[in-house]
Amino acid sequence: MTTENQAVVTTKLATKLSKQVGIISIDYAPVNALSQAVRAGLVNALDALENNDDVKVIIICCEGRTFIAGADIKEFGKPPTTPFLPDVVNRIEACTKPVIASMFGTSLGGGFEVALACHYRVSLNQAKVGLPEVNLGLIPGAGGTQRLMRIVGPGQALDMITSGKHVIASKFVDTGLFDLLVDSELEKNTLTFAESLITNEKLTPIRVGEREVDSTGFDWAQAKVSVAKKARGKQAPLVAFDVLEKTQKLSIKDGMAYEREQFLILRDSEQSAALRHAFSAEKQAAKLSIDAQPAKVEFVGIIGGGNMGSGIATAFLSSGFKVQLIEQTSDALAAGLERIQNNFIGNVKRGRMSQQQVDGYLANLIGDVDYQTLAECDLILEAVFEDIEVKKELFNKVEQVCKANAVLATNTSYLDINDIANTMKRPEQLVGLHFFSPANIMKLLEVVQADKTSDAVIATAMSIGKKLRKTSVLVGVCFGFAGNRMYTRYGREVQQMLLEGASVEQIDTALTGWGMAMGPLAVQDLSGIDIGHNARSAQPFPKHDKGYFRAAATMVSAGRLGRKTSAGFYQYNEGKKKSAPEVETLLREKASELSIEQREFSAEEIVHRALFALIAEGLALLKAGIVQRVSDIDVIWLHGYGFPRYKGGPMFQAKQMGEQVVAEKLGELRAEFGEELWPEYIAGSL
Ligand code: 3H9
């Protein structure tokens, strides 16, 4: 028998061995999020089954790929509608008949809170649970802080809530979180469990909310230090700590009231808006406006086994691809293969992979010095020296041996892919796959569409990115593509401020204090100041910009190349960084030579200048059609350049300021420094 309640929530009665179990089934694709219709449907279904005298036990289960994955993010930012989730979970817990959650996939946020309010939880062993609200700048808002703390204790609850991590169900054996963990046949096993409650007359609901929190021996002070250390600028983990600590001795009712109050404050915060923007921007970036099917890619040829090539090979192997590494000589090949092995050894040491997994991945790795061995590859990617003639010749050789439909990719960071494509027989097969270093770790992948790249190749490249668990963003061809072009503009502004009198430490401290993962000058020291300098020297010097990277050029002339020479923008003693007063002298002299007046800078001004440089370049990229959408720029900066996620990205920041402020600020900078660097704002760009 099936009774329709709401389109997305249905109830049915399972009758077996004359024992009656009521089943509430949620079917709301893609992840059964708790929309208003689901919440209302749940309450109605519960009312119906509770009032049905035939029903002894109730099961809440889901159709599709997962148990409930949380509150419906699409409803955030809209006026809240009843029934509110805290009331729904309390209704479940108050039910007079035992309610069982039947869990698979990822029970997250509000979904896990629904399960915690149930009287029993049955789960697949490999299912995952989590309270990832902190990733959206929130804390659990429907009793999650209260009920999880009551079941697993404050230590584990705090760890899960402040980290937001998804934890595999089998890790909770012996914690009392699950009443039954099974490997398969969830539906059948949950039903059998329900019937056993009836047979054994265990029909009094066991309510987590009626328990007390056992925080015996838990060191709250130490936990606070640890949470603060890991929060790195994020508010939500600190609020979560506060909620757990303050409510540990309160009743569930009072605890939930305080949790709700803090949840609502966070929901309206800038950080939460930024983090929610980041979440939806990532989902958007994955969407293509073309209608083409990705080709199957299993076997990948990688030419070049240096740091980049070996990192890329590691990434492919770790995602189950078969890899053929090509090098010029057998010595270079051996070194490349060793780099890949070392990457995996590092992963085992850090506990990221087991030796058994690594053995499996390495069994898919082969190497050669003969291009002929690339004949069977579905994708051939080059990661060789950044020299356009070398790359043109390489693709010429590749085209002689590869399959006609093989996707060909270049990992160039700056070179003109159209120029390479124009020398090829099948330019439509060429795409840029711009990995970031270290390629096996960094999440960002710029998929670069050249003028002739076919839609099918773009679809394939984006799907490869997904399989590699990268965040892929489609961009067009220009010098440095989207990310590095903006990074150059950002670096230029930082360098200009050095000449104008801001000190090295002031700049790095202002930007890291604002949330950037690293100071831009410390980054330059790390990567080698000469690397960028040499790349820029190959380009014409921009005449309109007299200070263009002159600070870096001054360092290179003084032999200060960064960490590798123990001197760059900073001084290094046995790897320890300290300030270098002589750098200030050198920069003062250079500023005077260029007739640039020096003055005092505030941290706020430094951040504003650097941020507006990013915004100006982002707007230029949009105007030139290099990116598909404004939010793609944010995704690139969040995943490739250490932009603080809780600030949403440079373009999100601009949106928050509003068009008028952005236009005015750009106008002020244009008046001071010229229109080449600070273009006029075009209304409606953001
Ligand atoms: C919360 O619960 C607050 C409560 O404590 C209190 C409330 C009072 N809502 O990632 P995918 C969509 S806060 C709506 O590609 P996967 C997503 O946009 C919430 N939609 O798949 C995408 O749509 P599209 C706590 C959602 O298999 C599609 O599902 N929960 C939601 O790689 C597939 O997503 C979270 O933070 C949602 N909650 O990963 C969970 N979640 O196809 C966040 C996903 O149109 N979500 N969608 O682009 C995730 O972590 C992953 O999406 C998940 C699936 C693991 C579920």
Side-chain angles (χ1 to χ4, degrees), residues 8 26 28-39 42 62 64-91 103-117 126-148 157 160-161 163-168 236 239-240 243 256-257 259-269 271-273 275-288 443 462-463 465-472 629 631 635 645:
V8 288
I26 300 170
Y28 182 50
V31 295
N32 294 312
L34 289 154
S35 66
Q36 192 278 338
V38 173
R39 299 194 304 274
L42 256 174
C62 287
R65 62 205 255 198
T66 181
F67 190 75
I68 308 162
D72 192 342
I73 292 171
K74 290 195 287 293
E75 287 185 357
F76 287 178
K78 295 184 188 160
T81 45
T82 55
F84 300 130
L85 193 55
D87 299 331
V88 175
V89 297
N90 286 340
R91 170 73 188 87
M103 300 160 74
F104 66 106
T106 44
S107 308
L108 302 174
F112 190 29
E113 289 173 304
V114 163
L116 290 169
Q126 64 272 30
K128 287 185 175 167
V129 295
L131 292 171
E133 285 85 346
V134 282
N135 298 330
L136 300 171
L138 301 168
I139 58 165
T145 63
Q146 303 302 299
R147 292 195 175 91
L148 188 60
M160 283 184 72
I161 295 166
S163 71
K165 65 189 167 197
H166 305 176
V167 186
I168 194 150
V239 175
V243 168
M256 276 183 72
E259 175 198 75
R260 181 76 178 160
E261 180 191 303
Q262 296 302 311
F263 171 84
L264 291 177
I265 294 172
L266 285 175
R267 195 193 59 188
D268 295 335
S269 69
Q271 284 205 359
S272 180
L275 288 162
R276 275 154 26 209
H277 162 77
F279 178 84
S280 64
E282 283 158 5
K283 305 283 166 236
Q284 283 299 313
K287 296 195 165 102
L288 292 175
K443 290 287 277 177
M462 292 294 282
S463 102
K466 190 162 188 200
K467 282 198 197 116
L468 293 173
R469 297 180 295 275
K470 300 281 181 205
T471 303
S472 312
R629 44 181 99 76
S631 58
V635 175
R645 193 173 168 85

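The structure presented is a predicted model; accordingly, all values stated were derived computationally and were not measured. The analysis underlying the following values was restricted to heavy atoms, covering all of them including side chains, and did not include hydrogens, waters or symmetry mates. Indexing begins at 1, ligand by ligand and atom by atom, following the structure's order.
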Looking only at N/O atoms, are [X] and ligand 1 under 3.5 Å apart anywhere?
X: P132; result: no
X: A71; result: yes
X: G70; result: no
X: I73; result: yes
X: T106; result: no
X: H166; result: no
X: R260; result: no

Do the side chains of [Y] and [X] get nearer than 4.5 Å, heavy atoms only?
X: C62; Y: F104; result: yes
X: R147; Y: M256; result: yes
X: F279; Y: L136; result: yes
X: Q146; Y: E113; result: no
X: T145; Y: L131; result: no
X: V114; Y: V89; result: yes

All side-chain contact (heavy atoms from CB on, under 4.5 Å) counterparts of V134, not counting sequence neighbours: A236, P237
For ligand 1, which atoms sit closer than 4.0 Å to a heavy atom of [X]?
X: G110; value: 1 (C), 2 (O), 4 (C), 5 (O)
X: E113; value: 4 (C), 5 (O), 6 (C)
X: P140; value: 5 (O)

For [atom], closest protein heavy-atom neighbour:
atom: atom 50 (O) of ligand 1; answer: L108 CD1, 3.8 Å
atom: atom 20 (N) of ligand 1; answer: K74 NZ, 4.1 Å
atom: atom 5 (O) of ligand 1; answer: E133 OE2, 2.5 Å
atom: atom 6 (C) of ligand 1; answer: G141 N, 3.5 Å
atom: atom 42 (O) of ligand 1; answer: K287 NZ, 4.5 Å
atom: atom 26 (C) of ligand 1; answer: V31 CG2, 3.7 Å
atom: atom 29 (O) of ligand 1; answer: P30 CG, 3.2 Å
atom: atom 17 (C) of ligand 1; answer: K283 CD, 3.8 Å

Which part of [X] is near ligand 1, with near meaning a heavy atom under 4.0 Å away: side chain, backbone, both or neither?
X: D72; value: both
X: A69; value: both
X: F263; value: side chain
X: L136; value: side chain

Strictly under 4.0 Å, does any heavy atom of F84 approach an atom of ligand 1? no
Non-hydrogen atom of Q284 closer than 4.0 Å to ligand 1: no
Indicate yes or no: does R645 engage E282 in a salt bridge with an N to O separation below 4.0 Å. yes
Using a strict threshold of under 4.0 Å (side-chain N to carboxylate O), is an ion pair present between E75 and R39? yes
Quick one: does [X]'s side chain have a donor or acceptor within less than 3.5 Å of a partner on [Y]'s backbone?
X: K470; Y: M462; result: no
X: R65; Y: A29; result: no
X: E259; Y: G144; result: yes

We want to know whether Q36 and T81 form a side-chain donor-acceptor pair, criterion being a heavy-atom distance below 3.5 angstrom. no
Which residues share a side chain to side chain donor-acceptor pair (under 3.5 Å) with S280, sequence neighbours left out: none
Check: of E75, E259, R65, min heavy-atom distance to atom 33 (C) of ligand 1 comes from R65
CG on L138 to CG on L275, rounded to 0.5 Å: 8.5 Å
